[in-house]
Amino acid sequence: LVSGTVDVNMLPNKIFCGHSQKTGWIVSKGQNNANVFAASWAPNTGSSEAYDKCRDANAESGTEIATITWTDLSPTAAPTATLSPTPATHNVLFYGGLGSGRANKMSRFSQAAEGTSSVDPSWFMKRLGSDVDTNGLRIHVKVEDATGACVAAEISFTPSAAILDLLTDGTKTGWAELLDVRAENGVVAVMPTMFFTGGTGSNTEWIVGTGGGVSRYSECFASSYSHAAHWNYCNAGPSSLNSDDQIGTIFYTLGNTPAPTFYQGPSTLFHGAIGRDYTFENFQHAAHATSALNSQWFMNRLPDELVVGDAPNIRIHVAVEGGTCGSPAEIAFTPNAATFNYFRYGTTGQWQNLQDVELVSGTVDVNMLPNKIFCGHSQKTGWIVSKGQNNANVFAASWAPNTGSSEAYDKCRDANAESGTEIATITW
């Protein structure tokens with residue numbers, strides 16, 4: 001599961017790849033018309049209505065859209081940013097190699113408030129701060145592997161008192177149940193149900209898995225457990241792994257605390273609904289922010305290491321989809337200095353020209369291609385991407401001026417966008 005929510009038991013496991021009398025494709029759970037995820041087929045004989053579905057709901061209006069893309073995972077392919085070489089640390093509790101071979105070279109929650117690894121100085125751990133409000137707290141565990149031997153995936157759960165005791169003060173109490181566990185990203189081979197917080201003596205933490213039964217070792221999702229190699233599985237196999245390539249990360253999220261930048265996508269600057277009713281902290285006021293209306297909507301400024309001299313080598317992408325946006329579309333441009341400073345420092349720049357604009361995907365009339373971006377003002381916060389400096393031909397916007405009316409800019413591809421289903425994403 002790359003994004004969104006799909007019940008783990010409903011995750012598709014079949015694809016129909018056409019037939020001489022039944023052309024098209026179907027992606028579904030099983031080989032029948034139950035649990036269809038998406039389909040585009042029209043058999044020459046018989047009835048096909050039963051497969052006219054999207055996530056098993058009838059889909060016959062023409063507004064249910066499927067998109068199929070491909071990714072090159074070969075060793076010579078361009079990097080896909082699966083791993084994060086320099087993760088942000090503001091809410092990361094553990095970042096480092098998995099398995100027994102690295103566990104005994106990494107500081108542990110039961111031993112120290114924070115520490116690093118002798119294997120790689122970028123690997124670290126730190127306890128959950130006493131100032132963190134545990135109301136709405138969720139703990140995330142993510143696994144990654146640059147070699148592909150471990151399938152990248154992420155889960156989250158509400159921590160029990162025993163798990164909080166380990167993460168806050170290093171108290172070990174054995175196995176603890178995971179509460180409200182869910183898959184966040186990737187394909188989770190076996191959903192974890194238990195968290196080992198450590199035992200007496202040499203039984204040091206930690207393990208995320210199923211805990212008991214004959215298959216408990218091979219069902220391990222992630223571990224940093226030095227006492228034995230039995231738990232050296234990553235996302236439940238298919239075989240025991242024990243190299244520096246398997247990377248695990250434990251981090252937390254709250255209602256008002258975004259996930260670390262590198263988990264929301266190493267290049268994402270904004271993701272959220274278009275329209276004044278859905279605005280939240282913007283580039284003028286915050287380096288990172290999450291919407292109070294939807295924790296999946298967020299913004300991040302450009303990374304600290306970038307300077308204005310880097311602007312000519314950067315491309316900013318703006319994509320829209322959903323609701324009145326119609327079919328998805330994406331444009332890209334090179335920022336001038338003022339636009340760069342808005343996304344990097346939050347410096348207001350009002351209207352700026354877009355440079356080297358191109359249509360990346362979708363369809364936009366060449367005469368309607370945006371050529372302006374509004375980069376905020378002291379009384380008019382937020383951003384607008386449009387053709388010209390007015391409320392005609394607005395491509396996307398997220399702004400809420402303190403004075404005057406902003407409804408005229410509540411648009412997506414110049415159609416009124418006020419439902420909260422019109423989504424804009426800015427990446428770089």
Side-chain angles (χ1 to χ4, degrees), residues 256 258 268-294 297-304 306-312 314-320 324-325 330-357 368-418 420 422-428:
N256 62 351
T268 304
L269 302 178
F270 177 94
H271 179 75
I274 293 170
R276 71 196 185 286
D277 291 340
Y278 308 100
T279 57
F280 52 97
E281 292 287 357
N282 58 66
F283 298 97
Q284 293 166 240
H285 302 133
H288 312 281
T290 299
S291 168
L293 297 176
N294 187 326
W297 299 345
F298 64 92
M299 57 74 55
N300 296 302
R301 287 181 185 166
L302 285 167
D304 293 347
L306 295 179
V307 296
V308 69
D310 296 315
I314 290 173
R315 295 289 285 170
I316 302 290
H317 293 240
V318 183
V320 296
T324 60
C325 296
E330 179 180 340
I331 66 155
F333 61 90
T334 300
N336 64 14
T339 304
F340 173 91
N341 288 336
Y342 176 70
F343 288 116
R344 170 65 181 84
Y345 304 104
T347 306
T348 59
Q350 302 190 62
W351 288 105
Q352 297 294 322
N353 292 325
L354 302 183
Q355 303 178 126
D356 303 322
V357 183
M368 299 295 104
L369 206 61
N371 60 5
K372 294 284 185 177
I373 182 170
F374 183 79
C375 297
H377 177 274
S378 60
Q379 298 298 314
K380 300 175 182 179
T381 62
W383 57 268
I384 303 165
V385 174
S386 65
K387 172 78 171 180
Q389 291 183 213
N390 52 48
N391 55 33
N393 304 324
V394 174
F395 185 74
S398 178
W399 87 321
N402 296 334
T403 59
S405 174
S406 64
E407 292 91 337
Y409 289 94
D410 286 352
K411 294 182 179 181
C412 179
R413 300 181 67 178
D414 213 32
N416 289 337
E418 301 175 342
E422 295 84 17
I423 303 299
T425 303
I426 303 177
T427 57
W428 70 280

> Is a donor on one side and an acceptor on the other found under 3.5 Å between the side chain of Asn341 and the backbone of Val308?
Replying inline: no

>> With rounding to the nearest 0.5 angstrom, report the SG to CH2 distance, Cys375 to Trp383.
In response: 11.0 Å

> Could you give the distance from CG (Asn371) to OG (Ser386), rounded to the nearest 0.5 Å?
Replying inline: 7.0 Å

>> Could you walk me through whether Thr348 and His377 satisfy the side-chain hydrogen bond (donor to acceptor under 3.5 Å, both in side chains) test, starting with their C-alpha distance in whole Å, then the side-chain angles of each, then the deciding distance to 0.1 Å, before giving a yes or no?
In response: CA-CA 5 Å; Thr348 59; His377 177 274; over 6 Å; no

> For the residue pair Ile314 and Pro335, what are the closest heavy atoms and their distance?
Replying inline: O-CD, 3.2 Å

> At their closest point, which heavy atom of Asn300 faces which heavy atom of Phe283, and how far apart are they?
Replying inline: O-CE2, 3.3 Å

>> Tell me which pairs pass salt bridge (charged side-chain N to carboxylate O under 4.0 Å, His left out) where either residue lies in residues 385-395, with sequence neighbours left out.
In response: none

>> Suppose we screen for side chain to side chain donor-acceptor pair (under 3.5 Å). Which residues come up paired with Gln284, at least two apart in sequence or across chains?
In response: none

>> Contact between Arg315 and Thr334 at the side-chain level, heavy atoms closer than 4.5 Å - yes or no?
In response: yes

> Where do Ser398 and Thr279 come nearest, in terms of heavy atoms and distance?
Replying inline: OG-CG2, 3.7 Å

> If we only count heavy atoms from C-beta on, is the Ile274 to Val394 side-chain gap below 4.5 Å?
Replying inline: no

> Are side-chain heavy atoms of Trp428 and Phe343 found at a separation under 4.5 Å?
Replying inline: no

>> Students often mix this up, so state it plainly: with edges at 30° and 60°, are the rings of Phe340 and Tyr345 parallel, tilted or perpendicular?
In response: perpendicular

> Given side chains that start at C-beta, do those of Val320 and Glu422 come closer than 4.5 Å, heavy atoms only?
Replying inline: no

>> Quick check: do Asn416 and Thr324 have side-chain heavy atoms less than 4.5 Å from each other?
In response: no

> Where is the tightest heavy-atom contact between Ala273 and Gly420, given as atom of each residue plus distance?
Replying inline: CB-O, 3.7 Å

> Going through the distances and angles, do Val385 and Ile426 end up as a side-chain contact (heavy atoms from CB on, under 4.5 Å)?
Replying inline: CA-CA 11 Å; Val385 174; Ile426 303 177; 5.8 Å; no

>> How close do Ile331 and Pro370 get, counting heavy atoms only, and between which atoms?
In response: CD1-CG, 3.8 Å

> Are Tyr342 and Ile373 close enough that some pair of their side-chain heavy atoms sits under 4.5 Å apart?
Replying inline: no

> Can you tell me how far the OG1 atom of Thr427 sits from the CD atom of Glu330, to the nearest 0.5 Å?
Replying inline: 5.5 Å

>> Under the rule for ring-ring contact (aromatic ring centres under 6.0 Å, His included), what residues qualify as partners of Phe374, not counting sequence neighbours?
In response: Trp351, Trp399

> In chain order, what residues pass the ring-ring contact (aromatic ring centres under 6.0 Å, His included) check against Phe395, with sequence neighbours excluded?
Replying inline: none

>> Please report the interatomic distance CE(Met299) to OG1(Thr290), rounded to the nearest 0.5 Å.
In response: 9.5 Å

>> Distance check, rounded to the nearest 0.5 Å: Ile384 atom CD1 versus Gln350 atom CD?
In response: 11.0 Å

> With under 30° as parallel and over 60° as perpendicular, where do the rings of Phe280 and Phe270 fit, or are they tilted in between?
Replying inline: parallel

> Is there side-chain contact between Asp304 and Arg344, with heavy atoms separated by less than 4.5 Å?
Replying inline: yes

>> Is it the case that the side chains of Asn353 and Lys372 hold a donor-acceptor pair, with the cut-off being a distance below 3.5 Å and no angle test?
In response: yes

>> Return the CG to CG distance between Asp277 and Asp410, rounded to the nearest 0.5 Å.
In response: 6.5 Å

> Cys412: what forms a disulfide (SG to SG under 2.5 Å) with it, not counting sequence neighbours?
Replying inline: Cys325

> Who are the side-chain contact (heavy atoms from CB on, under 4.5 Å) partners of Asn336, not counting sequence neighbours?
Replying inline: Ala338, Thr339, Gln352, Gln355

